[in-house]
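Accompanying notes for the structure given below.
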Protein chains: 2
Amino acid sequence: MLKYQQVAAEIEQYINQHDLKQGNKLPVLEQLMSQYAVSKSTITKALELLERKGVIFQLRGSGIFVRRHNRPGYMSLFSTQGFKSNLGDRVLTSDVLDVSVTKPDVTVAQNLGIDVTDDVYRVERVRFVDGEVFCYEESYYVKAIVPYLNREIVADSIFDYVQGALGVTIGFSDMYMQVGRLTETEAGYLGLQTDDPTLRIETIFHLSNGKPFDYSRITYHYEHSQFVVQANGPYM
Amino acid sequence: MLKYQQVAAEIEQYINQHDLKQGNKLPVLEQLMSQYAVSKSTITKALELLERKGVIFQLRGSGIFVRRHNRPGYMSLFSTQGFKSNLGDRVLTSDVLDVSVTKPDVTVAQNLGIDVTDDVYRVERVRFVDGEVFCYEESYYVKAIVPYLNREIVADSIFDYVQGALGVTIGFSDMYMQVGRLTETEAGYLGLQTDDPTLRIETIFHLSNGKPFDYSRITYHYEHSQFVVQANGPYM
DNA sequence: TTGATTAATTGTACCGGTACAATTATAGTA
DNA sequence: TACTATAATTGTACCGGTACAATTAATCAA
């Protein structure tokens, strides 16, 4: 783990353990520097990371302050999307409906930037948060990048496996979201009625070299899913 | 405008003007350095900004590449949320239903961190993209921070006014989203049926000093709104 | 006490540099 | 040709430093 990531993690841990509230002030830069025994640019980088994550905000001439949103029950949109495994104390489980190798249809192939003759893993899951139905997910993995999957891996975290055992790094993702109505099969999986409202998110995950390796379609249970997104300022 | 912001803007403009595609390679760091006549750390900062914005991705040992998503018709979730006024070539218009000074109810007051006896501006709008109904919005501004609003300002961009004329800077925002069904009045504004599906987003905008100044509730037309969010890697 | 002026505090912009890890290109070998 | 070892390329981590703008605290005047 990089030094600035380590420092960021420690500061975040400190904030959580001491249950600091929105607006609470952290030690000044110079003190953090000596406290963690790193240079100014390293501590700055760590703080920038935490700022992006929505954990702190910095105010020139004033100090470094804790940032918090005050709505329990809302999950970070990104934590449910592979990134930042921070689900708090909620328990995430899965019913694995399918893990198989197939050929992609044109839509899937196009989203993954591959040919319809290339192999993909198809994974189908219903996911639960604290025992409540949360979403229905259908996802496709490029087999050339993810050569092996099984029910055990899929029941846990695919991303941890991919980054751990396969040694590839996930770079970025494009999420496409829209609201619609449930189909009959989706409604069955989610325990809802056909034509009930739903949020659909399609996501294309790319490796850090830019290659797409996972295309997934998630259909959320509209009563059991509410999200928070902490955005940072007008960039320019 | 800061130097690194300026450089970032120029690079982005270059990418758009030359219509570069996903994966296209930009000049190497050292060349960009001399090309824009800035130091390494400045160009790095500019590129980091573009990376966060989803315009490029960088790959160590390899180069700097253009990043693009390939779905026209999807709007950036953040561009519709005050930040990054990049709506492409779409035209955004508004029907202003109400601009008035009132007292907030408990919910509004709590979200804005003020007292129910404090004054707020209430703004109610129906917004259109290229003439199509896009969303219904009800928002509240802390009058102590935004002392004056009128229909003309509100029909245009409130945020530009606040940052321009009032000289305050917007820092960050917390967005809370969930799916539900339309009420009768909402359906009326959006030209839909009662109980039709909808995406609701509540957002609390904070100044850069951390003070909330705007709380808004937006109800989106589910057939005319689809969003893209470009996320960046597992931070740690 | 109030208000304005000045000084101290504090984060950020910008500069420059070294070391290194990941990638890609090259040379060498079978 | 195909594979391996080596070298060149290239972005990132990390160090340190100066100048400055925004905020806050202290000082002074009325």
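Proteins come first, then strands; the chains are lettered A, B, ... in the order of their sequence lines, and each starts at number 1.
Side-chain rings of A/His206 and B/Phe57 stay apart, their centers remaining 6.0 Å or farther from each other.
Residues B/Thr102 and B/Ser100 bring no donor and acceptor atom of their side chains to less than 3.5 Å of each other. The closest side-chain donor-acceptor pair between A/Arg68 and A/Asn24, if any, does not fall under 3.5 angstrom. If you check the side chains of B/Ser208 and B/Thr169, you find a donor sitting under 3.5 Å from an acceptor.
Of the listed residues (A/Asp115, A/Thr117, A/Asp119, A/Asp118), just one forms a side chain to side chain donor-acceptor pair (under 3.5 Å) with A/Lys103, and that residue is A/Asp119.
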(request) Quick one, give me the B/S/- string for nucleotides 9-18 of chain D, reading 5' to 3', where B means a protein heavy atom under 4.0 Å from the base and S means that only happens at the primed atoms, P, OP1 or OP2. (result) BBBBBSBBBB
